[in-house]
Amino acid sequence: MLALTGCKTGKTSASGQSGTPDEVVILEKEIIEKENHGKETPGGVTPGQVAYANLDTRYAMLTGSWKAWRDVELGAKIRLLSPAKFNAAGKVYMKRGEWISVSVRMLGFEVATLWLDRDSVVAVDKFHKKYVSEPTASILGKAGLTIADVQDLLMGRAFIAGKGVATVGERKLFDLEDANNGWYMLPRRQPADYTYGFLASSTYNGLRGAVCEINGIGAITVDYSDIYESRLAGWFARKVTVEKSGKKQLAASLEWDLNGARFNAGLTRSCRIPDDCEKIPASKLASLLKKF
């Protein structure tokens, strides 16, 4: 979907058109003006500012548009297509760098919860009275990721694994490269077990996607769309789509419902497992989802 690896484009233009530099610039300008009708793009800059700026300037505009936040409460539409089919609404609560709490609802009733903090990952199926609990280190620790990295991934923000969201002052930590459909932000230091990177747009100030190529497993791609501005938190993606091909396929999407969204309200949450729930191995979670 994104092909961040193996499809680098060297000197081709962001529109992928051939011709002299002047011809390409004129064509790009016509396309951008037609699509945007003179409106500003996400990040408070005009399409021309994004399209004609060099990569260093684009990096500064993009990372400078991401504001810090402490906590957030957001409605969400959750859709899972593989390995099981599952559609639900819910609420997502996050405290920056500390925890993520998800409440999944069907027909107005809470049927499942998900909790992620620095110690544990807990998924509770209230409908079937089952739950899964795993140490966070066994999932994120091996990948060198933090809770903040997961939050950035959900909101459409580039980051350095284990180090936090990309900032204007961290330009030297990334290789920037042109692409047919945008430009790449590739962390210069890559983990031993996987490689990852981000694709930014050439016509608006936001990410288009991310990709992680895991050794021996394959690629997981993330697509971002419908970039939205929060006055308190800056720009982030309203829709996140995740796909993985291969033997263990994954296809899911998360669409933020911004009605009633609250930033920096001093949220407090905790992990709660009902007394009547039975613990099961994580390997049985996929088969459990198929029963909804």
Side-chain angles (χ1 to χ4, degrees), residues 42-44 63 65-80 86-127 131-134 136 139-140 145-159 164-167 205-207 210 222-242 252-274 277 285 289 292:
T63 56
S65 71
W66 297 330
K67 298 179 182 179
W69 55 277
R70 298 188 303 275
D71 55 72
V72 63
E73 174 186 341
L74 289 164
K77 297 177 182 178
I78 304 164
R79 187 183 185 192
L80 181 66
F86 182 87
N87 290 281
K91 282 277 190 180
V92 179
Y93 309 85
M94 296 190 289
K95 188 169 184 178
R96 182 61 173 166
E98 295 193 23
W99 48 258
I100 300 172
S101 176
V102 183
S103 172
V104 181
R105 294 180 175 274
M106 289 182 172
L107 302 176
F109 296 95
E110 184 177 69
V111 296
T113 63
L114 175 66
W115 175 266
L116 171 63
D117 65 14
R118 297 169 184 172
D119 297 321
S120 58
V121 180
V122 180
V124 179
D125 176 356
K126 290 188 172 182
F127 187 76
Y131 79 95
V132 171
S133 179
E134 296 288 339
T136 303
I139 300 173
L140 298 185
L145 297 174
T146 66
I147 304 297
D149 295 338
V150 177
Q151 292 168 339
D152 289 331
L153 198 61
L154 291 174
M155 299 179 75
R157 298 182 174 189
F159 58 88
V165 67
T167 65
N205 199 32
L207 287 187
V222 184
D223 178 64
Y224 299 116
S225 58
D226 197 4
I227 307 300
Y228 167 81
E229 183 185 26
S230 162
R231 180 177 57 84
L232 296 175
W235 294 92
F236 65 93
R238 290 183 62 177
K239 187 172 182 179
V240 183
T241 304
V242 183
S253 67
L254 175 67
E255 187 172 353
W256 299 117
D257 181 357
L258 300 173
N259 292 325
R262 296 195 303 157
F263 279 92
N264 304 328
L267 295 179
T268 58
R269 303 278 291 184
S270 60
C271 179
R272 297 180 180 179
I273 303 174
C277 283
L285 187 59
L289 284 170
F292 276 96

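Positions are given from 1 along the sequence. Note that the structure is predicted; figures quoted are calculated from it, not measured.
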Which heavy atom of [X] sits nearest to which heavy atom of [Y], and what is that distance?
X      : Y      : value
Phe263 : Ala233 : CE2-CB, 3.4 Å
Gly164 : Asp149 : N-OD1, 3.9 Å
Gly234 : Arg157 : C-NH2, 4.0 Å
Val124 : Arg272 : CG2-O, 4.3 Å
Phe127 : Asp125 : N-OD1, 3.0 Å
Arg96  : Ala148 : NH1-O, 3.3 Å

Can you measure from [atom1] ([X]) to [atom2] ([Y]) and round to the nearest 0.5 angstrom?
X      : Y      : atom1 : atom2 : value
Ile227 : Ser65  : CD1   : OG    : 9.0 Å
Thr241 : Glu255 : OG1   : CD    : 8.5 Å
Asn264 : Glu73  : CG    : CD    : 12.5 Å
Ser253 : Asn87  : OG    : CG    : 8.0 Å
Cys271 : Leu114 : SG    : CG    : 9.0 Å
Ser270 : Trp115 : OG    : CH2   : 6.0 Å

(message) Between Tyr224 and Leu153 (side chain of the first, backbone of the second, donor and acceptor by atom type, cut-off under 3.5 Å), is there such a pair?
(response)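 Answer holds: yes.
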(request) Please check if the side chain of Gln151 supplies one atom and the backbone of Glu98 the other of a donor-acceptor pair under 3.5 Å. (result)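 Between the backbone of Glu98 and the side chain of Gln151 there is no qualifying donor-acceptor contact (under 3.5 Å).
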(message) Counting only heavy atoms not in Leu107 (residues, nucleotides, ligands), do more than 12 fall under 6.0 Å from its CG?
(response)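 Open.
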(request) Inspect the surroundings of NZ in Lys67 and state if more than 12 heavy atoms from other residues, nucleotides or ligands are less than 6.0 Å away. (result)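 Yes.
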Taking side chain as C-beta onward, heavy atoms only, is [X] less than 4.5 Å from [Y]?
X      : Y      : answer
Asp226 : Trp256 : no
Val121 : Thr136 : yes
Lys91  : Asp257 : no
Ile147 : Arg118 : yes
Leu116 : Ile139 : no
Leu140 : Thr146 : no

(request) Dump the intermediate steps for side chain to side chain contact (heavy atoms under 4.5 Å, CB included) on Met94 and Trp69, then the final yes or no. (result) CA-CA 10 Å; Met94 296 190 289; Trp69 55 277; 3.9 Å; yes
(message) Before you tell me yes or no, could you show the steps for Asp152 and Trp66 under side chain to side chain contact (heavy atoms under 4.5 Å, CB included), namely the whole-Å CA-CA distance, both residues' side-chain angles and the distance that decides it to 0.1 Å?
(response) CA-CA 10 Å; Asp152 289 331; Trp66 297 330; over 6 Å; no
(request) Check the pair Met155 / Val72 against side chain to side chain contact (heavy atoms under 4.5 Å, CB included), numbers first and verdict last. (result) CA-CA 11 Å; Met155 299 179 75; Val72 63; 5.6 Å; no
(request) Output, in order, the C-alpha distance, side-chain angles, deciding distance and verdict of side chain to side chain contact (heavy atoms under 4.5 Å, CB included) for Leu267 and Lys95. (result) CA-CA 7 Å; Leu267 295 179; Lys95 188 169 184 178; over 6 Å; no
(request) Specify whether Phe236 and Tyr228 have parallel, tilted or perpendicular ring planes, treating 30° as the upper limit for parallel and 60° as the lower limit for perpendicular. (result)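 Taking Tyr228 first and then Phe236, their aromatic rings stand perpendicular (interplane angle over 60°).
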(request) State which residues pass side chain to side chain contact (heavy atoms under 4.5 Å, CB included) with Ala265; sequence neighbours excluded, sorted by chain then number. (result)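 By the side chain to side chain contact (heavy atoms under 4.5 Å, CB included) rule, Ala265 matches Asp71, Arg262.
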